[in-house]
Amino acid sequence: MPPLPLITAQTEEKLLAFLTEHGHTKFRVQQVMDWVWRKRVTSFDAMTNLSPGLRTLLAENFRFHSPEIVEIHGSADTTRKFLTRMEDGSLVESVIIPAAAAEDGEQSDRITLCVSSQVGCAFGCKFCASGLLGLKRNLTTGEIIGQILSAETIAGKRVNNLVFMGMGEPLSNFDNLEDALEIITSHRGLEIGARHITISTSGFVPGLKKLAAYPRQIRLAVSLHGATDEVRDQIMPVNKKWPLSQLIPALEEWGRDRNQMPTLEYILIKDVNDSLKDASQLVRIAKKLHAKVNLIPYNTVEGLPWERPSEGRCRAFRDAVHKARIPVTMRYEKGHDINAACGQLRLRKEKENNEGSPGCRA
Ligand code: SAH
Ligand code: SF4
């Protein structure tokens, strides 16, 4: 028998359908969600304003489960990265970024969580640790939500900003992502505003089209990393299937009727995409899309040949984009020393576990 579904993975709509099917009123949905998301109980027995019959019905159809927190790296006032083990043994990494650790020194109570959407990634970008082990599977809605709950346990605070920039390509796990977003944004759920959520994509065009049709004003970041097909083809296999001639119109479609600028993420990799010519090509795309640009000097990954350009070269690139009046930021990946770049912690742990195993492709 498959395990019961998690109560923390139920959208209001799904819970309503279940409860009305069993003869209960809409009001019960509100009560159940209040116990789960406001009072944060972890058993149906604790839902004391529900009848014993309803508590039994819930317990026979749903369950609570918290993933096991395997490792935590970093300290409370800096970036903290943690690894959780799913019920099938899969390892998932997430990163807590307090506002105090932000480069702009912004003083606020903002706590950002970088979440994973898949175990590994099928897209195989040549510079990325997440792609190295291939895709193991999609994360379920409950596992996506579970990372937020684990982060709140670790931080002792509510997460109020989310970025889907951990392992995996979120837009290729759209159905589970969509349910997770419903629970995350619902005022009866985690109540994080859509404008405090960013989805990052490497340019998976079919998923972008679904996101364009999605009604909530979720923010979008695009891992561009190359402003020509020539550069993108070299480092991102996704570009072979969905080249810039398809990606750019899909981004324009996303931007239509939306009062939002997408962010173009651009990792600076030495001698691959860091010339001033690259900068002017990037400017052209940013202008067309009314986008802002976020430059990320490459974080080296053990076993991969790519290098970070010198600081001077990174600055010259940034200045060229800035001069063209494109809003631009340059951030060094937080927690470089704790393997904070996407997929690196899991990669190390999997290597430890699989030393010598023929299944390990790293
Ligand atoms: N798959 C999605 C979501 C992951 S986001 C996407 O690619 O957008 C993770 C971000 O970190 C992406 O922009 C990715 O390109 C970037 N990244 C991956 N490896 C990196 C590295 N070694 N150094 C800096 N950034 C890296
Ligand atoms: Fe996957 Fe994104 Fe890494 Fe590319 S950069 S391999 S799409 S996680």
Side-chain angles (χ1 to χ4, degrees), residues 79 81 92-95 97 112-139 144 147 162-174 177 197-208 211 218-226 231-242 247 251 262-270 272-274 291 293-309 314 329-348 361-362:
T79 296
K81 181 153 196 160
V92 168
E93 60 185 78
S94 326
V95 189
I97 309 155
T112 299
L113 181 69
C114 174
V115 289
S116 291
S117 53
Q118 298 182 310
V119 185
C121 184
F123 285 70
C125 300
K126 302 267 168 51
F127 48 80
C128 174
S130 293
L132 277 179
L133 299 176
L135 175 70
K136 188 166 171 193
R137 65 173 175 83
N138 281 333
L139 287 181
I144 294 173
Q147 295 170 68
L162 271 189
V163 293
F164 283 81
M165 294 188 180
M167 283 191 302
E169 168 53 50
L171 295 184
S172 71
N173 183 15
F174 200 87
L177 174 73
I197 302 171
T198 303
I199 306 268
S200 181
T201 179
S202 59
F204 178 56
V205 168
L208 256 174
L211 191 69
I218 308 283
R219 291 184 186 277
L220 178 64
V222 184
S223 296
L224 197 66
H225 309 330
V231 174
R232 272 179 61 90
D233 279 349
Q234 191 190 339
I235 52 178
M236 302 179 78
V238 65
N239 198 68
K240 296 244 163 75
K241 194 142 189 202
W242 294 285
L247 176 59
L251 291 170
T263 301
L264 302 178
E265 303 275 338
Y266 194 97
I267 306 178
L268 287 163
I269 310 176
K270 188 177 169 193
V272 173
N273 63 1
D274 61 341
V293 167
N294 187 21
L295 301 173
I296 311 147
Y298 183 63
N299 235 336
T300 48
V301 176
E302 209 189 307
L304 296 183
W306 319 97
E307 288 174 38
R308 175 182 284 195
C314 293
T329 49
M330 184 158 77
R331 73 181 152 91
Y332 282 83
E333 201 65 55
K334 312 283 174 358
H336 191 41
D337 53 339
I338 54 157
N339 294 320
C342 134
Q344 292 188 39
L345 194 63
R346 170 177 172 253
L347 182 65
R348 186 184 51 65
R361 273 173 281 156

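Every heavy atom of this structure was used, including side-chain atoms; hydrogens, water molecules and symmetry mates were not. All values reported here derive from a predicted model rather than from experimental measurement. Both ligands and their constituent atoms are indexed starting at 1 by order of listing. Residues: numbered from 1 along the sequence shown.
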Tyr298 heavy atoms, cut-off 4.0 Å: which ligand 1 atoms fall inside?
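Counting atoms of ligand 1 from 1, those under 4.0 Å from Tyr298 are 21 (C), 22 (N), 23 (N).
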Below 3.5 Å, N or O to N or O, backbone or side chain included: is there any such pair between Gly168 and ligand 1?
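The answer is yes, given that Gly168 and ligand 1 share an N or O pair closer than 3.5 Å.
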Do any N/O/S atoms of Cys128 come under 2.8 Å of atom 4 (Fe) of ligand 2?
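Cys128 does not place any N, O or S atom closer than 2.8 Å to atom 4 (Fe) of ligand 2.
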Proximity to ligand 1 by part of [X], non-hydrogen separation under 4.0 Å:
X      : answer
Thr201 : backbone
His225 : side chain
Phe123 : neither

Test item: side-chain donor near acceptor, Glu307 and Thr300, under 3.5 Å
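No pair is found: no donor N or O on one side chain lies under 3.5 Å from an acceptor on the other.
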Taking the side chain as C-beta and beyond, is there a heavy-atom pair between Phe123 and Ser172 under 4.5 Å?
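SC-SC contact between Phe123 and Ser172 confirmed.
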Short list, please: which atoms of ligand 2 are under 4.0 Å from a heavy atom of Cys125?
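With Cys125 as reference, the close atoms of ligand 2 come out as 4 (Fe), 5 (S), 6 (S), 7 (S).
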With atoms numbered from 1 as shown, which atoms in ligand 2 lie under 4.0 angstrom from a non-hydrogen atom of Gly124?
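That gives atoms 6 (S) of ligand 2.
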Can you check which of Pro237, Gly168, Ser130 brings a heavy atom nearest to atom 2 (Fe) of ligand 2?
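Considering heavy atoms of Pro237, Gly168, Ser130, the nearest to atom 2 (Fe) of ligand 2 sits in Gly168.
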Does some non-hydrogen atom of Ala129 fall short of 4.0 Å from ligand 1?
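The answer is no: ligand 1 sits nowhere under 4.0 Å from a heavy atom of Ala129.
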